[in-house]
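These notes concern the structure reproduced below.
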Amino acid sequence: VNIVEWIPNTRTVKTIIKLTEEEPDRFKWVDPKSLYYSEAFWNSKGPHKQGLRRFIVEKRASAKVWFENSINYTKSCAIWTAFCYVIRLGDRHLENILINIDTCELSHIDFECIFDKGKLLPAPEVVDFRLTPALTCALGVFDTWGLFFYYFECAMQVLKENLEDIIGALDTFVLDP
């Protein structure tokens with residue numbers, strides 16, 4: 001089954017991180033004192049992991065827009081992490097995750113390695129899902145223990161309640177590769 005859909009206003013997470021590293025002047029702080037970041041927090045994940053954090057924090061019209069985008073990012077990251085875990089979606093790297101430029105919501109693409117097919121690759125996958133510092137750096141001060149954890153639990157509950165329907169719909173990927 002081939003499903004092709006264009007998702008408007010999106011770029012790969014890898015592209016965004018690369019942009020923020022290559023063009024740091026493009027992502028200058030609006031007013032660092034208006035946000036909750038301190039220099040220690042800003043550098044807490046290492047300078048090479050700051051791309052998404054810079055993208056979400058900077059270039060936002062107001063604190064309200066920044067806050068909404070932070071929530072959107074955290075919520076979509078948690079939901080996709082739960083979904084990828086449940087359906088055992090492999091081959092997760094920063095080119096298979098899109099971020100909406102306007103809302104900061106994540107979307108995953110390339111579902112070829114569904115139901116543990118990633119374990120059959122020449123270099124087999126050994127983890128159930130990937131939640132790397134490149135993604136967690138933008139979750140805020142509570143990292144995965146704040147809103148991310150709450151939304152992850154909610155998503156897991158919804159997925160558990162609807163597991164049969166989800167597996168039935170996704171069986172097509174296995175039966176007709």
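Heavy atoms only: backbone and side chains are in, while hydrogens, waters and symmetry mates are out.
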Gap separating the CZ atom of Arg54 from the SG atom of Cys137, nearest 0.5 angstrom: 10.5 Å
Just list the side-chain donor-acceptor pairs under 3.5 Å for residues 154-168, sequence neighbours left out, or say none.
from   : atom 1 : to     : atom 2 : distance (Å)
Gln157 : NE2    : Glu161 : OE2    : 2.9
Asn162 : ND2    : Val158 : O      : 2.8

Single-linkage hydrophobic cluster Tyr73~Ile17, side-chain heavy atoms < 4.5 angstrom: yes
Asp116 side-chain N/O to Lys119 backbone N/O, donor-acceptor pair under 3.5 Å: no
Within residues 92-111 or reaching into it, pairs that qualify as salt bridge (charged side-chain N to carboxylate O under 4.0 Å, His left out) - sequence neighbours excluded: Lys14-Glu95
Spacing of CG belonging to Leu52 relative to CG belonging to Leu94, to within rounding of 0.5 Å: 7.5 Å
Euclidean distance, Thr10 OG1 relative to Leu106 CG, rounded to 0.5 Å: 11.0 Å
Atom pair OG/NE2 of Ser76 and His108 - distance to nearest 0.5 Å: 8.0 Å
By side-chain hydrogen bond (donor to acceptor under 3.5 Å, both in side chains) - contacts of Thr15 (at least two apart): Thr12
Under 3.5 Å donor-acceptor, Thr74 side chain and Ile71 backbone: no
Exam field: side chain Tyr151 to backbone Cys77, donor-acceptor pair closer than 3.5 Å: no
With sequence neighbours excluded, residues passing salt bridge (Lys or Arg N to Asp or Glu O under 4.0 Å) with Glu153: none
Hydrophobic cluster membership, Ile109 vs Ile99, 4.5 Å side-chain cutoff: no
Atom pair CG/OG1 of Asp143 and Thr136 - distance to nearest 0.5 Å: 5.0 Å
Residue pair Leu135 / Thr81, side-chain heavy-atom distance below 4.5 Å: no
Phe55 and Ile101, any side-chain heavy atoms less than 4.5 Å apart: yes
Shared hydrophobic cluster, Leu147 / Leu131 (ILVMFWY, side-chain heavy atoms < 4.5 Å): yes
Interatomic spacing from CZ in Phe148 to CD1 in Ile79 - rounded to 0.5 Å: 10.0 Å
Please output the side-chain donor-acceptor pairs of residues 82-91 that fall under 3.5 Å, not counting sequence neighbours, one pair per line with the distance.
from  : atom 1 : to    : atom 2 : distance (Å)
Arg88 : NH1    : Tyr85 : O      : 3.0
Asp91 : OD2    : Asn96 : ND2    : 3.4

Under the side-chain hydrogen bond (donor to acceptor under 3.5 Å, both in side chains) test, residues paired with Thr144 that sit two or more places apart: none
